[in-house]
There are 2 protein chains.
Amino acid sequence: MKKKRNTKQKATVYRVVQSSNDHPTAEKVYERAKKELPSISLGTVYRVLKELVSEGKIKEIIVNKQSHFEKRTDHHHHFICRECGKIEDVETPLCRYTCRKVEKKGYVVEDIEYKFYGLCDKCAQKLNIKEKEVAQV
Amino acid sequence: MKKKRNTKQKATVYRVVQSSNDHPTAEKVYERAKKELPSISLGTVYRVLKELVSEGKIKEIIVNKQSHFEKRTDHHHHFICRECGKIEDVETPLCRYTCRKVEKKGYVVEDIEYKFYGLCDKCAQKLNIKEKEVAQV
DNA sequence: GTTGTTGCAAAGAATTTGCAGTCTA
DNA sequence: TAGACTGCAAATTCTTTGCAACAAC
């Protein structure tokens, strides 16, 4: 296989993801990377992100048919707010019972992904207030 | 709100999904619908599928950034084979423990989606055989 | 006859890719 | 200096949309 090289672009993209506490899209990573390395291109960002994912250095999570990236590579799940679109990490124990149920049929489970959709605390609060106002009319 | 009309196209798309035991993409639904109604267009299939989903008559599941559709609208989850791409329904008990853990922070969980990735029985068997053959060389 | 729907084709959005020039090792 | 990598723009893929013709009710 071919030998990989260290380039400014790779280092920058990696650094951007590592210093992001949200779950940026490729476009967002691109925006942030450009601040450090203005000449970087979106295509390169896509290429590097893909490489980092396949090397297991970062993780990809797909929300609404769009890739988002995160520095955490350990096993965890996500909550997605339908109002503000915020993605938040969720720690859950592996559901052994469920896995075994799937595997019993001869299936091999290699990865599990849980996604929780709803409203984050802030949006829930906002919407409750709104609902009450509407109800009063 | 505007009154909906019953058209051949809507009836056909609905019938196709109802009689599908796999999880067809829009394109696949289109292919199947064309057999019944050759003049139907892909755009219409997309429009009708979207409408059926929003009416709660069918469900949408997104795999690999692509929409698939299914007749089951009750709560269940999915297993996706990384080899053959097959999507299979998985029955799991709601993980109350996990939900409560998420909700404790003030979050409102409205929907939960579990996806299990791996190998289906057939592909697991095939790959095992292959692996053994490779190992013997 | 209204007006919701369709077919068509063009537009969009996200991502990938071919290529010639550039830079790392 | 070989060849991995980049920037750029064109191409792909899936999906949505504008519009004039069509067809339910």
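Residue numbering restarts at 1 for every chain, and letters A, B, ... go by the order of the sequence lines. FYI, side chains are in, hydrogens and waters are out, and symmetry mates aren't considered; it's all heavy atoms of this structure.
- For B/Lys65, a side-chain nitrogen or oxygen approaches OP1 or OP2 of C/dT15 to under 4.0 Å.
- Taking A/Arg5 as the reference, nothing meets the salt bridge (charged side-chain N to carboxylate O under 4.0 Å, His left out) condition, with sequence neighbours excluded.
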Strictly under 3.5 Å: I want the nitrogen or oxygen pairs between protein and nucleotides 20-23 of chain C, one per line.
none

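- Only B/Ile40, B/Ser41, B/Thr44, B/Arg47, listed by number, bring a heavy atom of residues 40-52 of chain B to less than 4.0 angstrom from any atom of DNA chain C.
- Expressed to the nearest 0.5 Å, how far CD1 of B/Ile61 lies from CD1 of B/Ile87 amounts to 4.5 Å.
- With the nearest nucleotide of DNA chain D identified for both B/Ser67 and B/Lys4, B/Ser67 has the one nearer the 5' end.
- Think of the region where chain A sits on DNA chain D: with heavy atoms and a 4.0 Å cut, that region ends 5' and 3' at D/dA2 to D/dT15.
- Among residues two or more places apart in sequence or in another chain, the salt bridge (charged side-chain N to carboxylate O under 4.0 Å, His left out) test is passed with B/Lys28 by B/Glu31.
- Judged by distance alone, with hydrogens and angles left aside, the side-chain atoms of A/Lys115 form no donor-acceptor pair with the main-chain N or O of A/Val63 at under 3.5 Å.
- Distance B/Leu37 CG to C/dT6 C1': 10 Å, rounded to the nearest Å.
- The line from CG of A/Leu119 to CD1 of A/Ile80 is 12.5 Å long, rounded to the nearest 0.5 Å.
- Surrounding CG of A/Asp74 are more than 12 heavy atoms belonging to other residues, nucleotides or ligands, all under 6.0 Å away.
- At a threshold of 4.0 angstrom between heavy atoms, the contacts of A/Ser39 are confined to the sugar-phosphate backbone, with no base atom among them.
- Listed in residue order, the members of residues 9-18 of chain B having a heavy atom less than 4.0 Å from DNA chain C are B/Gln9, B/Lys10.
- For A/His68, there are no ring pair (Phe, Tyr, Trp, His ring centres under 6.0 Å) partners at least two apart in sequence or on another chain.
- For A/Arg47, the salt bridge (charged side-chain N to carboxylate O under 4.0 Å, His left out) test picks out no residue, with sequence neighbours left out.
- Counting only residues at least two apart or on different chains, the ring pair (Phe, Tyr, Trp, His ring centres under 6.0 Å) pairs with a member in residues 18-58 of chain B are B/His23-B/His78.
- One can place CD of A/Glu27 at 16 Å from P of C/dG12, the figure rounded to the nearest angstrom.
- Partners of B/Glu55 according to the side-chain contact (heavy atoms from CB on, under 4.5 Å) rule, which considers only residues two or more places apart in sequence or in another chain, are B/Lys4, B/Glu51, B/Leu52, B/Lys57.
- Qualifying side-chain contact (heavy atoms from CB on, under 4.5 Å) partners for B/Lys59, counting only residues two or more places apart in sequence or in other chains: B/Glu70.
- One can place CD of A/Glu31 at 12 Å from P of C/dA14, the figure rounded to the nearest angstrom.
- Here the P atom of nucleotide C/dA14 and the CZ atom of A/Phe69 are 13 Å apart, to the nearest Å.
- Hydrophobic clustering, with ILVMFWY side chains joined whenever heavy atoms are under 4.5 angstrom apart, groups B/Tyr14 together with B/Val45.
- Residues passing the salt bridge (charged side-chain N to carboxylate O under 4.0 Å, His left out) test with A/Lys65: none are found, sequence neighbours excluded.
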